[in-house]
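Okay, so here's the structure we're looking at.
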There are 2 protein chains.
Amino acid sequence: MAIPRAAKTQRRTRIQEEKEEQILEAALDVFAVSGFRGSTIDQIAEVAGMSKPNLLYYFRTKEAMHRSLIDRVLFTWLEPLRAFDAEGNPENEIRSYIRRKLEMARDFPRESRLFANEVLQGAPHIEDELKGPLKELVDEKAEVIRVWAKAGKIAKCDPYHLIFSIWSTTQHYADFDVQVRAVLGQGKAGEGRFEDAARFLEQLFINGLKGHAPQSES
Amino acid sequence: MAIPRAAKTQRRTRIQEEKEEQILEAALDVFAVSGFRGSTIDQIAEVAGMSKPNLLYYFRTKEAMHRSLIDRVLFTWLEPLRAFDAEGNPENEIRSYIRRKLEMARDFPRESRLFANEVLQGAPHIEDELKGPLKELVDEKAEVIRVWAKAGKIAKCDPYHLIFSIWSTTQHYADFDVQVRAVLGQGKAGEGRFEDAARFLEQLFINGLKGHAPQSES
DNA sequence: TGTAATGTTTACCAGTCGGTCAAATTATCC
DNA sequence: GGATAATTTGACCGACTGGTAAACATTACA
């Protein structure tokens, strides 16, 4: 009868586990490059090395694949921000947040591009996630930063725009990789570029946010 | 016999001028959102308010439209960087570069997204421009910054990554507009967000690059 | 080992894609 | 006003799109 469709049955078989993994892996490849509209099931099927109807056996529609991919990636993608610790030393927290985000741009560029494509195209599939969980998390961490600034531990600044600028500078190395490589040219475009970027960004943000001494309150 | 195709004839008629303008305007709307692969001629035709064969009378192919659009936008897009003046005061130059880039993100978000889409998808249509004219311009301006740093007018830093970070932070407000709005929420997502962003970014970059006193040479 | 559930494939569908063609319409210029 | 060139359109093409149906193959399990 075959009603599997990956969710109906309580326990997923080993083969389901494997195939779904294989499909999402291929889908990530394709969606990350062409976005949702620009990607086709046939492309994904080819990359995954299976027939199109076979893909559609595990994911009923193209949207279901995309949805599943986004859901899985979104959680891990926000991990670095979640790790942002209110109790920690501000300078260290910012420094390691930058470093972690940069590592993700280096190690998971496809995931970064998947989101970039989605948001760039108006986030038609993840608007709720942005306005809900994402906003809440950012609000929480922005408050932490605001308190640090108020206490003079870092410079007074808009915490939201600080977060945006860390996102954009780090993800730039994944999303605009082609451009970065083109501009740096043969010589400087090697893997060392991430180390250079890390050094520069840490310098920029740490110096840029140096607290103004203890500073009086109110 | 009508061989116009917009380029064969030396002098372009008023009507050609107008229609091509109209088409490129519509194409910008569509390409900026969906990227090249994700956009269709029919969509563009509908936005432009003309029939599909009529579009194809002025631009032989979808690629020709895209090409034409990119060529036209690329020049103006790099204008702010070109204006970067080696003779000027470093702090002022950086400040006004940021401001100009941010104004472009605010006033020409579609153009920003057009490029973002293109680069994100591997820049299949503009690789040459990136490796050629763009790289040359950036090399030139990076040298200016390097000299400033060497003279102690600004902090020692990698000029390429400085430029990347200005690009990414400013364009973020165009390319990731939906996300920015979602995170800032109803209250703070108004037009004032560009002023807030400008203030933050100027603070970040100016403080982040404060020169270390005159500093000895060699 | 049999059989029922699971997994895979071939053939196919209706709608959309980029693009063509010839006929019809409109502007231009004498 | 008429000839000529420029513009516009409806009808159409083959290739591709997301997705389906049903036959076939494989696995799990009694």
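Basis for what follows: all heavy atoms, side chains included, without hydrogens, waters or symmetry-related copies. Letters A, B, ... mirror the listed sequences (proteins, then strands); counts begin at 1.
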Practice task
Whole angstrom is fine here: how far is it from CD in B:Q16 over to P in D:dA6?
Solution key: 8 Å
Completion exercise
Here the distance between atom P of C:dC17 and atom NZ of B:K52, to the nearest Å, is 8 Å
Practice task
Check the distance between D:dC16's C1' and A:I44's CD1 and give it to me in whole angstrom.
Solution key: 15 Å
Fill in the blank from the handout: Which of C:dG18, C:dG19, D:dT8 is nearest the side chain of B:Y57? It is D:dT8
Exercise for the section: Measure the distance from CG on B:N54 to P on D:dT9 and round it to the nearest whole Å. Expected result: 5 Å
Practice task
For A:T40, answer base if it contacts any base atom (sugar-phosphate contacts may also be present), sugar-phosphate if it contacts only those atoms, and nothing otherwise; contact means non-hydrogen atoms under 4.0 Å.
Solution key: sugar-phosphate
Fill in the blank from the handout: By nearest-nucleotide position on DNA chain C, the 5'-leaning member of B:R37 and A:M50 is A:M50
Fill in the blank from the handout: A:D42 CG to D:dA15 P, in whole Å, measures 15 Å
Exercise for the section: Say whether A:D139 and A:Y160, considering side chains only, have a donor N or O and an acceptor N or O under 3.5 Å apart. Expected result: yes
Handout entry: Residues B:K52, B:D42: salt bridge by 4.0 Å N-O rule
Key = yes
Practice task
On the 0 to 90° scale, with breaks at 30° and 60°, tag the A:F164-B:H172 ring pair as parallel, tilted or perpendicular.
Solution key: tilted
Completion exercise
Atom CD of B:E46 and atom P of C:dT16 are separated, to the nearest Å, by 12 Å
Handout entry: Nearest-neighbour nucleotide for the B:K19 side chain, D:dT8, C:dG18, C:dT20 considered
Key = D:dT8
Handout entry: Nucleotide of D:dG18, C:dT8, C:dG19 approaching B:K62 most closely (side-chain heavy atoms)
Key = C:dG19
Fill in the blank from the handout: Looking only at C:dT8, D:dG18, C:dT20, the nucleotide nearest the B:P53 side chain is C:dT20
Problem - d(CD1, A:I41; C1', D:dT17) in whole Å - result: 8 Å
Practice task
To the nearest Å, give me how far apart CG (A:L55) and P (D:dT17) are.
Solution key: 13 Å
Problem - Under 3.5 Å donor-acceptor, B:R193 side chain and B:G190 backbone - result: yes
